[in-house]
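Proteins get letters first, then strands, A, B, ... in listed order; numbering begins at 1 in each.
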Amino acid sequence: MYIREKINEQIKEITAGALNKSLASGAFAIETMPNIFLEIPREKGHGDYSTNIAMQLPKQTRKSPRFIAETLMANMDTAGSYVESVEIAGPGFINFKLKKSWHYAVLEEIAEMKKDYGRSQKNKGKAFNLEFISANPTGPMHMGNARGGAIGDILASVADWTGYEVTREFYINDAGNQIVKFGDSLDARYRQLFGEDIPFPEDGYQGDDITEHMKNFIAENGDVHRSLEPSERKEILIDYALNKNLTQIKSDLAAYGIHYDVWFSEQSLYDSGAIEETIARLKEGGFTYEQDGALWFKSTSFGSDKDDVIIRANGLPTYFMGDIAYHVNKYITRGFDRCINVWGADHHGHVARLKGALTAVGINADEFDVVLMQLVRLIRNGEVTRMSKRKGKAIALTDLIDEVGVDATRFFFNLRSPDSHFDFDLDLAMEQSSDNPVFYVQYAHARICSIIRQMAEELDNTVALDPERLSEKEELNLLEILSLFSDEILMAEEKLDPSRITHYAIDLASAFHSFYNACHVRVEDKSLMKARVALIEATQQVIENALSILGISAPERM
RNA sequence: GCGCCUGUAGCUCAGUAGGAUAGAGCAACGGCCUUCUAAGCCGUGUGCCAAGGGUUCGAAUCCCCUCAGGCGCACCA
């Protein structure tokens, strides 16, 4: 248990004890016990912790907040706790000031847990599935996938640090209409390369990569496929290009620092009969009906404003149907306790109906959430550029990484919460200017490493470590921020917002830089020097841990 | 028309399950390297928290409504 949790429990116990004593003494009476809520005041002058309990009780007790606060304070027993003093302030806040010694527990915790400092057990034993990117494998990864990739990958790490057993998963949309179009496009290019004057499908994939695939295919296979029936040939071409694309996607993402545990094929749901089983399950439950030759799911029974087709009149299941079967597979076949998907905000309309369908088949939809990320707008020369995979004008992920670097790209895409609209200014990003805060954090890390390298020779090992030597406000501030790391990870998991880790890393780096300018590590006083080395070693460790969650390197020299 | 997201300093954004005087970065200006990395630090100014109403001891935060921008509302994925 981390020091913050211990203190929290102590103060809650102290407050609850005071409340019980006050009640027993007859100072006031209540009907229901309130929740004791603690917060860390923004103003340092208001102490280390604060509770508003006295302001929640006037209604029940018919006493003033001030009176309640005073009564509680008089009945508090802080012996043996970290609480040094208690005071009442403002409209009735009870503020707790802690003994400085609590700071030093942080150093010990970090020194003990090292690379695991910040991990917690909250979700131990639970299986967590995080599905992200999940694009059509009809082309290489582009910039639009980059944000979802960074958010998903980092959120997966965050979940891992809260104790979940995490599976990163890519749902390959290798079935359905887009694949048919893909095949039509490939076939048209194939025939055009042999000089046939045929029109290109109007809504086909126009990218050069389609033509490239067919050039390579012809180079490898000659013209033996020309005589085949188009449908037969398309199948071969699709299979060929899809495999090439998947290989490409995997290497693109690996270069981006993303490694999936599972690549799940949509087509496999058809092949395995999972779709059929799920349809049967929905029918048995009475959640379907036929109309206009199609099979419909009663989304309206689960709060949606319209029902949805799951099998078209032509007999082919819709994408929605596949997604239901896919999630049945996740929860029931594979037994995940919690599933999170990262989707573009343009798919938000599909969340409710999928939750409805999951509820229909008996899955607890509270354990299913979708992180909706606002789409990225591409800014070039100060103008918005529309991205279109089919027009072939999208910036490839690999190009972005080449220009900007993996670290900056990942950091940049996690600078804002997923639901904020995001403009990616290409010119700025490609300038590689030091405006990018990733340098700020990495620089703090490199600076510390540099000092540690030099101190290693000067440190006197016969001097005992005395953490109480740390008493400057910059030192204490640094310790306080270090102690919040685990809470920040838990909050990021609860809110499904990985950008909190990025912000934390910046705050921590900032606290270090301030310390660095205010306090020298290399000082005559060997005991003080020892304590400061311990402090920066702890800081180095936590920056390293935060960066490892972010999937960003922690350079030892810059 | 219905639904979702967003609206906070000149710009880009934070703002912790409603809390005490609304915060950073960038930009502007002024300081700080004869000792550990100046890719750094310190200081100075800026706000009808989009408008209005409500709940509350207390609202940027919750509710209602209006306005503005983005995105959905397919037998597309």
*Strictly by modelled atom types, are A:E458 and A:Q454 linked by a side-chain donor-acceptor pair under 3.5 Å?*
no

*Please check the phosphate of B:A77 (OP1 and OP2 only) for any side-chain N or O of A:K181 closer than 4.0 Å.*
no

*Measure from the side chain of A:A294, starting at C-beta and using heavy atoms only, and say which of B:A20, B:C75, B:C2 lies closest.*
B:C75

*Where the side chain of A:E43 is concerned, which of B:U21, B:G19, B:C42 is the nearest nucleotide?*
B:U21

_Return a single string for nucleotides 4-14 of chain B, one symbol per nucleotide in 5' to 3' order, where B is base contact, S is sugar-phosphate-only contact and - is none, cutoff 4.0 angstrom on heavy atoms._
BBS-----SSS

*Aro-ring/base stack A:Y440-B:A39, d under 5.5 Å, angle under 30°*: no

*Is the closest side-chain donor-acceptor distance between A:D308 and A:H350 under 3.5 Å?*
no

*Side-chain donor-acceptor pair present, A:D307, A:Y289, cut-off under 3.5 Å*: yes

*Expressed in whole Å, how much space separates the P atoms belonging to B:G3 and B:C42?*
48 Å

*If only side-chain N and O atoms of A:R447 are considered, is one of them under 4.0 Å from the OP1 or OP2 phosphate oxygen of B:A39?*
no

_Tell me which one of A:E493, A:E488, A:E494 satisfies salt bridge (Lys or Arg N to Asp or Glu O under 4.0 Å) with A:R500._
A:E488

*Below 3.5 Å, does any donor atom in the side chain of A:N517 face an acceptor in the base of B:G40, or the other way round?*
yes

*For A:Y289 and B:C75, what is the distance between atoms OH and P respectively, to the nearest whole Å?*
11 Å

_Just confirming the chi classification of B:C33, syn or anti, using 90° around 0 as the syn window._
syn

*Selected nucleotide, minimal atom distance to A:D346 side chain, candidates B:G40, B:C36, B:C71*: B:C71

*Can you tell me, in whole Å, how much space there is between the C1' of B:C49 and that of B:G18?*
15 Å

*B:U56 and B:A60: how far apart are their C1' atoms, nearest whole angstrom?*
16 Å

*Nearest whole angstrom, please: distance from the P of B:C57 to the CD1 of A:I68.*
13 Å

*Say you draw a straight line from CD1 of A:I88 to CZ of A:F93; how long is it, rounded to the nearest 0.5 Å?*
12.5 Å

_Taking only side-chain N and O atoms of A:R42, does any of them lie within less than 4.0 angstrom of OP1 or OP2 on B:U16?_
no

*Look at the side chain of A:N95 against the base of B:A20 and say whether a donor-acceptor pair falls under 3.5 Å; ignore hydrogens and angles.*
yes

_Touch class at under 4.0 angstrom, heavy-atom based, for A:F320 against every strand present_ = nothing

*Does the base of B:A20 carry an N or O that pairs as donor and acceptor with the side chain of A:S50 under 3.5 Å?*
yes

*asked:* With the six-membered base ring of B:C36 as reference, does the ring of A:H520 sit under 5.5 Å away with planes under 30° apart?
replied: yes

*If we take the C1' atom in both B:A59 and B:A17, what is their distance in whole Å?*
14 Å

*asked:* From OH of A:Y443 over to C1' of B:C36, roughly how many Å is that when rounded to an integer?
replied: 11 Å

*Compare the minimum distances between each of B:A39, B:G19, B:U16 and the side chain of A:M491, then state the nucleotide with the smallest one.*
B:U16

_Length of the line joining A:K495:NZ and B:U16:C1', which is rounded to integer Å_ = 7 Å

*Honestly, is A:K330 close enough over A:Y326, meaning NZ or CZ under 6.0 Å from the six-membered ring centre and within 45° of the axis?*
yes

*asked:* Heavy atoms from C-beta onward define the side chain here; which of B:C41, B:C36, B:C75 lies closest to that of A:R522?
replied: B:C36

*Flag as yes if A:H347 stacks onto the base of B:A77 (centroids under 5.5 Å, planes under 30°), otherwise no.*
yes

*Does B:C75 have OP1 or OP2 sitting under 4.0 Å from an N or O in the side chain of A:Y319?*
no

_For RNA chain B, stems built from three or more consecutive Watson-Crick or G-U wobble pairs below 3.5 Å_ = B:1-7 with B:67-73, B:10-13 with B:23-26, B:28-32 with B:40-44, B:52-54 with B:62-64

_Parallel, tilted or perpendicular, as decided by the 30° and 60° cut-offs, for the rings of A:F287 and A:F302_ = tilted

*A:E290 CD to B:C75 P: how many Å, rounded?*
16 Å

*Reckon A:D507 touches a base, only the sugar-phosphate, or nothing at all at heavy-atom distances under 4.0 Å?*
nothing

*Touch check for A:R66, heavy atoms < 4.0 angstrom, all strands: base, sugar-phosphate only, or nothing?*
nothing

*Nearest-Å distance once atom P is located in both B:C67 and B:U21*: 34 Å

*asked:* With rounding to the closest Å, how many angstrom separate the C1' atoms on B:A39 and B:U44?
replied: 24 Å

*Spacing between A:N341 atom CG and B:A77 atom P, to the nearest angstrom*: 17 Å

*Between the side chains of A:R416 and A:S499, is a donor N or O closer than 3.5 angstrom to an acceptor N or O?*
no

*asked:* If I take atom NE2 in residue A:H513 and atom C1' in nucleotide B:G25, what distance separates them, rounded to the nearest angstrom?
replied: 13 Å

*asked:* Whether A:Q454 contacts B:U37 is assessed here as follows: a side-chain N or O lying under 4.0 Å from the phosphate OP1 or OP2. Is that the case?
replied: yes

*A:S417 versus A:D497, side-chain donor and acceptor atoms under 3.5 Å*: no

*asked:* Counting only side-chain nitrogens and oxygens, does A:N136 get under 4.0 Å of the OP1 or OP2 atom of B:A77?
replied: no

*Along RNA chain B (nearest heavy atom to each residue), the more 5'-positioned of A:A89 and A:M455*: A:A89

*Whole-Å distance separating the CG atom of A:D308 from the C1' atom of B:C73*: 10 Å

*asked:* Under 4.0 Å, heavy atoms only, any strand: does A:A345 hit a base, just the sugar-phosphate, or nothing?
replied: sugar-phosphate

*Establish, yes or no, whether the cationic atom of A:R447 lies under 6.0 Å from the six-membered ring centre of A:Y516 and within 45° of the ring axis.*
yes

*Do the rings of A:H347 and A:W343 sit parallel, tilted or perpendicular, given the 30° and 60° boundaries?*
perpendicular

_Go nucleotide by nucleotide along RNA chain B from the 5' end; which of A:I448 and A:F37 gets its closest nucleotide reached first?_
A:F37

_Inter-nucleotide C1' distance (B:A9, B:A50), Å rounded_ = 15 Å

*Give one of base, sugar-phosphate or nothing for A:C519, where a contact means two heavy atoms less than 4.0 Å apart.*
base

*asked:* Taking donor-acceptor contacts at under 3.5 Å, does the side chain of A:N52 reach the base of B:G19?
replied: yes

*asked:* Do A:I40 and A:S50 make a side-chain contact, defined as non-hydrogen atoms from C-beta onward lying under 4.5 Å apart?
replied: no

_A:S483 side chain to A:E480 side chain, donor-acceptor N/O pair below 3.5 angstrom_ = no

*For A:S304 and A:R353, does a side-chain donor sit closer than 3.5 Å to a side-chain acceptor?*
no

_Using the side-chain heavy atoms of A:E39, tell me which of these nucleotides is nearest: B:A39, B:A20, B:C42._
B:A20

*In whole Å, what separates the P atom of B:G23 from that of B:U55?*
28 Å

